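Take a look at the structure set out below.
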Amino acid sequence: MNQTRVQRRQSIPLVVLILGAILSVVLAFALASAHADPASAGAAHAQANTGAVPARTAAQNAFHDQMRKLWEDHVTWTRLAIVTFADGSTGFNATAGRLLQNQTDIGDAIKPFYGDAAGNRLTALLGDHITIAVEILKAAKAGDTTAFNAANTRWYANGNDIADFLAAANPRSWPDDVMRVDMKTHLDQTLAEAGHELHGEYSASVTDYEGIHAHILMMADQLSAGIIAQFPSRFRPIS
């Protein structure tokens, strides 16, 4: 297994190696530049004016935690899919199936706010995000540069589609330029993680995941805060 992975170093597309090297240098900067949670910004403003931070309601806390769980599942099952694929494990199909279920779960989470059609659309976009990622893994493992580049182009286009969808739903909290940068960061980080795992560079892959985890939590908080701000009546305490 280790000898096979060493041999793959010559066949993996160069872009994976380049991204892995670049991201190891700029990851700290990207995380330091991550966008502030709108809810936290609002709380800080309130504290400056009143000296007190407004407490979240139980409904707000529950929704915040739900959104974090969904997106943590997203990156956790993605990592497990990458690891099982790289190892040639027979557990890959079951892991990939659970990962695809997560995309349905995320779409379902927004249906109470934006409707069934919007939830189904988000699930479809996220489903493409996963299936194209599998194409990228297969092409990278096979050393098929043409297939890799084609799938990679579609993957980043899909990332923009996801960002555009979110921005259209809530432009005040999720500006399109911000969402596009966030999605690109997520894809860049995941590509670096996959490249390191396929090369057997496990310590680097673990480090990649730490950055992915921190970034996705920031995104989850941004999404939950945006929905709470857009639909305040849904989160008021029950009197």
Side-chain angles (χ1 to χ4, degrees), residues 13 15-16 18-42 67-68 70-75 78-79 82 99 102-103 106-107 109-110 113-114 117-137 148-195 208-230:
V15 66
V16 175
I18 295 172
L19 278 171
I22 293 173
L23 284 170
S24 64
V25 177
V26 304
L27 180 58
F29 174 80
L31 292 176
S33 303
H35 310 291
D37 179 346
S40 298
M67 196 62 67
R68 279 194 157 212
L70 288 171
W71 287 100
E72 280 187 311
D73 281 353
H74 180 80
V75 297
T78 294
R79 175 163 181 77
I82 290 170
L99 177 57
N102 172 252
Q103 314 322 304
I106 291 172
I110 73 163
F113 307 98
Y114 301 109
N120 291 337
R121 175 60 177 159
L122 181 56
T123 290
L125 288 169
L126 289 171
D128 290 342
H129 167 68
I130 298 305
T131 56
I132 298 171
V134 172
E135 291 180 39
I136 290 173
L137 286 173
F148 177 90
N149 289 338
N152 194 56
T153 297
R154 288 188 291 114
W155 200 43
Y156 278 84
N158 168 261
N160 283 338
D161 288 342
I162 294 170
D164 295 346
F165 170 86
L166 293 170
N170 192 343
R172 175 172 292 185
S173 295
W174 309 328
D176 193 50
D177 58 339
V178 172
M179 301 314 296
R180 281 190 171 218
V181 168
D182 285 342
M183 282 303 303
K184 183 179 184 303
T185 298
H186 174 60
L187 299 187
D188 289 347
Q189 290 175 329
T190 303
L191 194 61
E193 177 187 29
D208 293 333
Y209 179 74
E210 295 291 353
I212 289 167
H213 189 197
H215 182 261
I216 209 67
L217 288 178
M218 179 277 293
M219 285 191 68
D221 290 350
Q222 187 176 21
L223 294 173
S224 62
I227 290 175
I228 289 169
Q230 192 176 19

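These numbers were taken from a predicted model, which means no experiment stands behind them.
The closest side-chain heavy-atom distance from Trp155 to Thr190 is below 4.5 Å. Taking 4.5 Å as the limit, every side-chain heavy atom of Ile132 sits out of range of all side-chain heavy atoms of Tyr156. At least one side-chain heavy atom of Glu193 sits under 4.5 Å from a side-chain heavy atom of Arg79. Looking only at side-chain heavy atoms (C-beta outward), Asn102 and Glu72 stay at 4.5 Å or farther from each other. Under the 4.5 Å side-chain criterion, counting only non-hydrogen atoms from C-beta, Thr185 is not in contact with Met219.
For the atom pair Phe113 CZ and Asn170 CG, the distance stands at 11.5 Å (nearest 0.5 Å). Atom CD1 of Ile110 sits about 4.5 Å away from atom CG of Leu122, to the nearest 0.5 Å. The CD1 atom of Ile212 sits 10.5 Å away from atom CG of Asp188, with the distance rounded to the nearest 0.5 Å. Put simply, NZ on Lys184 and CG on Asp182 are 12.0 Å apart, with the number rounded to the nearest 0.5 Å. Atom CD1 of residue Ile82 and atom OH of residue Tyr209 lie 10.5 Å apart, to the nearest 0.5 angstrom. Note: Thr78 OG1 to Ile216 CD1 = 8.5 Å, rounded to the nearest 0.5 Å.
Nearest heavy atom pair, residue Ala194 against residue Leu137, reads CB-CD2, 3.7 Å. Nearest heavy atom pair, residue Met67 against residue Leu223, reads CG-CB, 4.4 Å. Taking both residues in full, the closest heavy atoms of Trp174 and Leu166 are given as CE3-O, 3.1 Å, listed atom of the first, atom of the second, then distance. In this structure, Ala167 and Pro175 approach most closely via the heavy-atom pair CB-C, 4.1 Å.
Trp71 places no side-chain N or O within donor-acceptor distance of the main-chain N or O of Asp221, the cut-off being under 3.5 Å. Looking only at distances, a side-chain donor or acceptor of Gln230 sits under 3.5 Å from a matching main-chain atom of Ala169. A distance-only check finds a donor-acceptor pair linking the side chain of Asn158 to the backbone of Leu125 [under 3.5 Å].
Every residue two or more places apart in sequence or in another chain that forms a salt bridge (Lys or Arg N to Asp or Glu O under 4.0 Å) with Asp176 is listed here: Arg180. Residues passing the salt bridge (Lys or Arg N to Asp or Glu O under 4.0 Å) test with Asp128: none are found, sequence neighbours excluded.
The local environment of CZ in Arg68 is crowded, with over 12 non-hydrogen atoms from other residues, nucleotides or ligands closer than 6.0 Å.
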Asn152 vs Leu191, test: side-chain contact (heavy atoms from CB on, under 4.5 Å). Steps then yes/no.
CA-CA 9 Å; Asn152 194 56; Leu191 194 61; 3.9 Å; yes

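Looking at His213, His129, His215 one by one, the single match for ring pair (Phe, Tyr, Trp, His ring centres under 6.0 Å) with His74 turns out to be His129.
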